[in-house]
Amino acid sequence: MIKNPEIINLPKIGGHDQGYISLIQANDLLPFNPKRIYWIYGVSKETERGGHYHHKLEQVIICIKGKLTIKLENNKGEIIKFILDSPSKALYIPQRHWRDIFFHENAILLCIASENYDENDYVRSYSEFKNIS
Ligand code: T46
């Protein structure tokens, strides 16, 4: 089972002319039981979102369209950058990572989340995040 941030290569079924199906099944590639799915779209050209940390939430993120650059920082101050530029790739984000998400033009982000929305799970101040590290 995955524990660290990691790109997951998803199945890609189909072909050049008919197109493709990619998928994630709960007991297969998904390292948690999903409770919430949301998607982010209509983000202006070259915009950054995120800028927070979650105590408990785990996520799998897929870039359905376009390209995302995702920068993660863990409690030890280690920073890793990932590029999602294909709907057949997913990024697993464990708990306790600060994230900055850069949306390149017209990107659409799909998130499968382990918990329902809870503002108390967020740390939105970078200095507060560094203090709990
Ligand atoms: C992450 C990226 C990928 C809700 O009311 N319900 C929800 O389920 C969500 C996700 C958000 N909201 C509200 C809370 C805020 O007032 O929508 C507003 C923006 O939410 P947030 O600051 O979480 O948006 P992002 O795009 O910065 O971050 C979200 C996730 O929270 C985050 O964990 O990795 O999407």
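The analysis underlying the following values was restricted to heavy atoms, covering all of them including side chains, and did not include hydrogens, waters or symmetry mates. Both counts, for ligands and for their atoms, begin at 1 and track the order of listing.
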Looking just at side-chain N and O atoms, do Q95 and Y53 make a donor-acceptor pair shorter than 3.5 Å?
no
Between D121 and H55, is there a side-chain donor-acceptor contact under 3.5 Å, judged purely by atom types and distance?
no
Short N-O contact, R96 and E58, less than 4.0 angstrom
no
Those residues that, when tested against L110, pass side chain to side chain contact (heavy atoms under 4.5 Å, CB included) (two or more places apart):
I37, W39, I62, I64
Pairs touching residues 77-102 that satisfy ring pair (Phe, Tyr, Trp, His ring centres under 6.0 Å), sequence neighbours left out:
W98-Y126, W98-F129, F102-H104
Write out the protein residues near ligand 1, meaning a non-hydrogen atom under 4.0 Å from one of its atoms, in order of chain and number.
R36, Y38, I40, R49, G50, H52, H54, Q59, I61, R99, I101, L109, Y117, Y122, R124
Using the side chain to side chain contact (heavy atoms under 4.5 Å, CB included) criterion, which residues pair with R49? Sequence neighbours excluded.
I40, V43, F103
